[in-house]
Structure formats: C-alpha cells, structure tokens
Amino acid sequence: MGKELQAGARLFNAGHWWEAHEAWETRWLLARGDERAFLSALILLAAALHKRWVHSSLTHRNFDKAEKYLLALPAHYGGVDLVALRREVWEALQQAGLRPQLPVGR
C-alpha cells in the first residue's frame, strides 16, 4: 500500500471519511485499470459513511456505486479483503459507532 493509500487508510479507520477521500483523490486521478476501480470503491465507501453519519443521509447511492467497482475486482486486492470491507461498511451504515477498518502497511 503506497503512502497516499496508507494516509487515507489511517483517516478512514479513525472515522475521518471525508479526509480519507481527499487523501486518495490525487492517486485516483492518475490510476488506471484495477487500481482506479479499487480507489474509486474506497472513495465511494468513505463518501457513503460521511454522508450517513455527518449529513444524516439515509440514502446509500455511494455505497451502491462502490459495489459495482468492488464486484469487478478480485475478493482480495491491495492487501484488502474487499468482501469483508463491503460487509463492514454496510453494517456501519446501519449502526452508529461502527468503524470499518482498512489494513495500514508499514
């Protein structure tokens, strides 16, 4: 996991979803193929959590968009179990206080 991904993962894990989105965006702009799909999914998942718990949105449009990217990727990508992440984010959208976690490399 590159420097930008690690920085974003730390923010995501701490519940700073918008900031995580921002940390990943520069890399996303340059990414192609599976890496771009992976970053798109992470950014959309972070946006879904931010909208749910910061703006009280009950819609899950960003989660639905993220699912399309997640389903196009292998179950494990970039050191992340995408199946588990998808499940954890869905649960966190339903229950306040849950924080899905991304692995943070060294």
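These values consider heavy atoms only, across backbone and side chains, with no hydrogens, waters or symmetry-generated copies. Positions are given from 1, in the same order as the sequence printed here. In this text, all values refer to a predicted model and were calculated from it rather than measured experimentally.
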Rounded distance [0.5 Å steps], [atom1] in [X] versus [atom2] in [Y]:
X: Gln101; Y: Phe12; atom1: CD; atom2: CZ; value: 8.0 Å
X: Leu102; Y: Glu88; atom1: CG; atom2: CD; value: 8.5 Å
X: Leu82; Y: Leu71; atom1: CG; atom2: CG; value: 10.0 Å
X: Leu98; Y: Glu91; atom1: CG; atom2: CD; value: 7.0 Å
X: Glu22; Y: Ile43; atom1: CD; atom2: CD1; value: 9.0 Å
X: Leu93; Y: Thr59; atom1: CG; atom2: OG1; value: 10.0 Å

(Q) Go through it in stages, so that I can follow the logic: the residues are Lys51 and Asn62, the test is side chain to side chain contact (heavy atoms under 4.5 Å, CB included), and I'd like the CA-CA distance, side-chain angles, deciding distance and then a yes or no. (A) CA-CA 9 Å; Lys51 286 187 175 191; Asn62 285 319; 3.5 Å; yes
Is the closest side-chain heavy-atom distance between [X] and [Y] below 4.5 Å?
X: Pro100; Y: Leu49; answer: yes
X: Trp24; Y: Leu11; answer: no
X: Glu67; Y: His60; answer: no

Q: Measure across Ala9 and Pro103 and return the closest heavy-atom pair with its distance rounded to 0.1 Å.
A: CB-O, 4.0 Å
Q) Where is the tightest heavy-atom contact between Ala7 and Ala23, given as atom of each residue plus distance? A) C-CB, 4.5 Å
Q | Partners meeting salt bridge (Lys or Arg N to Asp or Glu O under 4.0 Å) with Arg52 (sequence neighbours left out) | A | none
Q) Do the two ring centres, one from His50 and one from His21, sit under 6.0 Å apart? A) no
Can you give each donor-acceptor pair under 3.5 Å made by side-chain atoms of residues 29-41, sequence neighbours left out, with the distance rounded to 0.1 Å?
| unit_1 | atom_1 | unit_2 | atom_2 | d |
| --- | --- | --- | --- | --- |
| Glu35 | OE2 | Arg27 | NE | 2.7 |
| Glu35 | OE2 | Arg27 | NH2 | 2.7 |
| Arg36 | NH1 | Trp28 | O | 2.7 |
| Ser40 | OG | Trp28 | NE1 | 2.8 |
| Ser40 | OG | Arg36 | O | 2.8 |

Q: List, by chain and number, the other hydrophobic cluster members for Leu44, where Ile, Leu, Val, Met, Phe, Trp and Tyr join if side-chain heavy atoms come within less than 4.5 Å, directly or indirectly.
A: Tyr69
Q: Indicate if Leu70 and Phe63 have the same hydrophobic cluster label, given that clusters are the connected sets of ILVMFWY residues with side-chain heavy-atom separations under 4.5 angstrom.
A: yes
